[in-house]
Amino acid sequence: MMRNRIGIKLGVLITTAFLIVLLSLGTMVYQVFSNFYHIEMKTEVSELTAHFVAMCEETNPTSEQMMSTLADFSNVSMFYVQADGQIGFHSGPHDPQDRSFIRTEDLALLFKGEAISLSHTDPSGEGYLVVAQPLKKDETIHAAIYVMASTKHLDESLHSIRKLLLLSGAGAFLLSLGITWIMAYMLSRPLLQMQQATKKIASGELETRVHVNSKDEVGYLAEAINDLGVELKRYRDNRQEFFANISHELRTPITYLKGYAKVLQDGMVDSEEEQQRYLEIIHQEALRIEHLVNDLFDLAKMEEGQIDLYKEWVNLEELLEEAMRRVELSAKDKGIALHLKVQADLPLVYADGMRLEQIVMNLLENAIRYTERGEIELSISHDDDEVAVRVKDSGIGIPQEELEEIFERFHRVEKSRSREHGGSGLGLSIVKKLVDLHDATIQVQSTLGIGTTFIVRLPREQ
Ligand code: ADP
């Protein structure tokens, strides 16, 4: 099952790590305690044994009564063992019939003068610590003193420590399971949410949003998915609007083409002149379609980011003069005068010459298109940071409230006026895209009935 895969992985990992750490730590702590208690007890019993030995050595004859009292008092059993392994006398609770703790190899060591210690379990299963030391009299060893202390208390202490360790280990283990569960839940829940959201987005539900508010990697991922959704929606709406506009723009000239072609085909013309006029309309509409298709193609390429700039050092004055030459005829037809003003010491600009020319031509054609009389002035000025190109006309102007919108594709101030003038409604959006590609800016100022000025500011390459 897909759910909680991360949770399970994380859980197994953390729990295993926890178990390893807990087990080794627990064993270590237990070892330390156990060693400590054993050493303590051994020291104590050894001291006691030495005490017995000293008593035997000092009192002559050996005072069994005193030793017995000391043994009872100290809660141990004491054995006076001879070289042959026989018990001379003993005191304390331990049954002297059980003599398995007296081993010949130990006796050999003892009678060589060494002390020994061993653990012993009696027939009833009780554990003892046995310490034995040689008993010297007149420089010869003639017996050994065995002292046997029950390890019952020590075993009980160690048992309770073991219990405590196991209990805290189990507690820590449960805690780790709890933490793991919470972490896995916190981590996998938003991830599952995001997975579902991306699935929905992929299936076209572009309004889907992920609700994750954490300010961490998971939160950033959620934000990125939301941004992706917004961007995809914008792209889809844009594309739909684009296609709607294109079909609308193409439908009008095609209707004209069909209509006039049909009239001519059916011979419904009265004169040669009328026929010529219709043919002219058909030609104009065909030109318009061509213009529109070219603009559309340009714009589509730019929107896909497929346009590369071929930058070179460009002389703007020459470029503007050339553009003016190209529109000279249509300006003259409308009786519009063209002027060019250039500030002295004009620097070259580093830009794509062809694209700059496209910008200027578009602005210039619009200026002529929307000006009935008067003049159009082109000027170039510059300062340390930029070079500015102005295209100023004395035309019909643009209403203030539309100045922002004229750069949007297919936006026309008056639907009829642009068509009448042969525009596609795409010119300025192409200009805006080209300007952006150059890291330049475009600005427009206009007064209705007085005229319009477009200003393009190109940054100066350092
Ligand atoms: P079009 O091909 O219709 O001219 P543009 O994108 O070039 O499309 O321009 C958008 C609209 O901006 C035009 O339809 C027109 O209404 C307005 N416009 C552009 N330039 C001028 C200008 N110099 N004077 C007045 N109106 C203008």
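Note that ligands are numbered from 1 as they come in the structure, with each ligand's atoms numbered from 1 the same way.
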Tabulate below the donor-acceptor pairs under 3.5 Å that side-chain atoms of residues 10-30 make, not counting sequence neighbours, or state none.
unit_1 : atom_1 : unit_2 : atom_2 : d
T15    : OG1    : G11    : O      : 2.5
T16    : OG1    : V12    : O      : 2.4
S24    : OG     : I20    : O      : 2.8
S24    : OG     : V21    : O      : 3.2
T27    : OG1    : L23    : O      : 2.5
Y30    : OH     : R162   : NH1    : 2.5

Taking 4.0 Å as the limit for heavy-atom contacts, which would you say applies to T452 with ligand 1: side chain only, backbone only, both, or neither?
side chain
Working to the nearest 0.5 angstrom, can you tell me the gap between R373 CZ and K334 NZ?
11.5 Å
Between G395, G425, P399, S394, which one has a non-hydrogen atom sitting closest to atom 1 (P) of ligand 1?
G425
Applying the side chain to side chain contact (heavy atoms under 4.5 Å, CB included) criterion to L320, which one of V342, L364, L340 satisfies it?
L340
Location of contacts on V413 toward ligand 1, heavy atoms closer than 4.0 Å:
both
Near R412, which atoms of ligand 1 are under 4.0 Å from a heavy atom of that residue?
3 (O), 14 (O)
In plain terms, say whether E126 and K152 are close enough for a salt bridge, that is, a side-chain N and a carboxylate O under 4.0 Å apart.
no
Below a 4.0 angstrom heavy-atom separation, can you tell me which part of V431, side chain or backbone, both or neither, approaches ligand 1?
neither
Per-atom contacts, ligand 1 versus R369 - under 4.0 Å to a heavy atom:
1 (P), 2 (O), 4 (O)
Identify, by atom number and element, the atoms of ligand 1 in contact range of I406, meaning under 4.0 Å from any of its heavy atoms.
10 (C), 12 (O)
Please report, to 0.1 Å, the donor-acceptor pairs under 3.5 Å made by any side chain of residues 212-219, with sequence neighbours excluded.
unit_1 : atom_1 : unit_2 : atom_2 : d
S214   : OG     : D216   : OD1    : 2.9
D216   : OD1    : V218   : N      : 3.3
D216   : OD1    : G219   : N      : 3.0

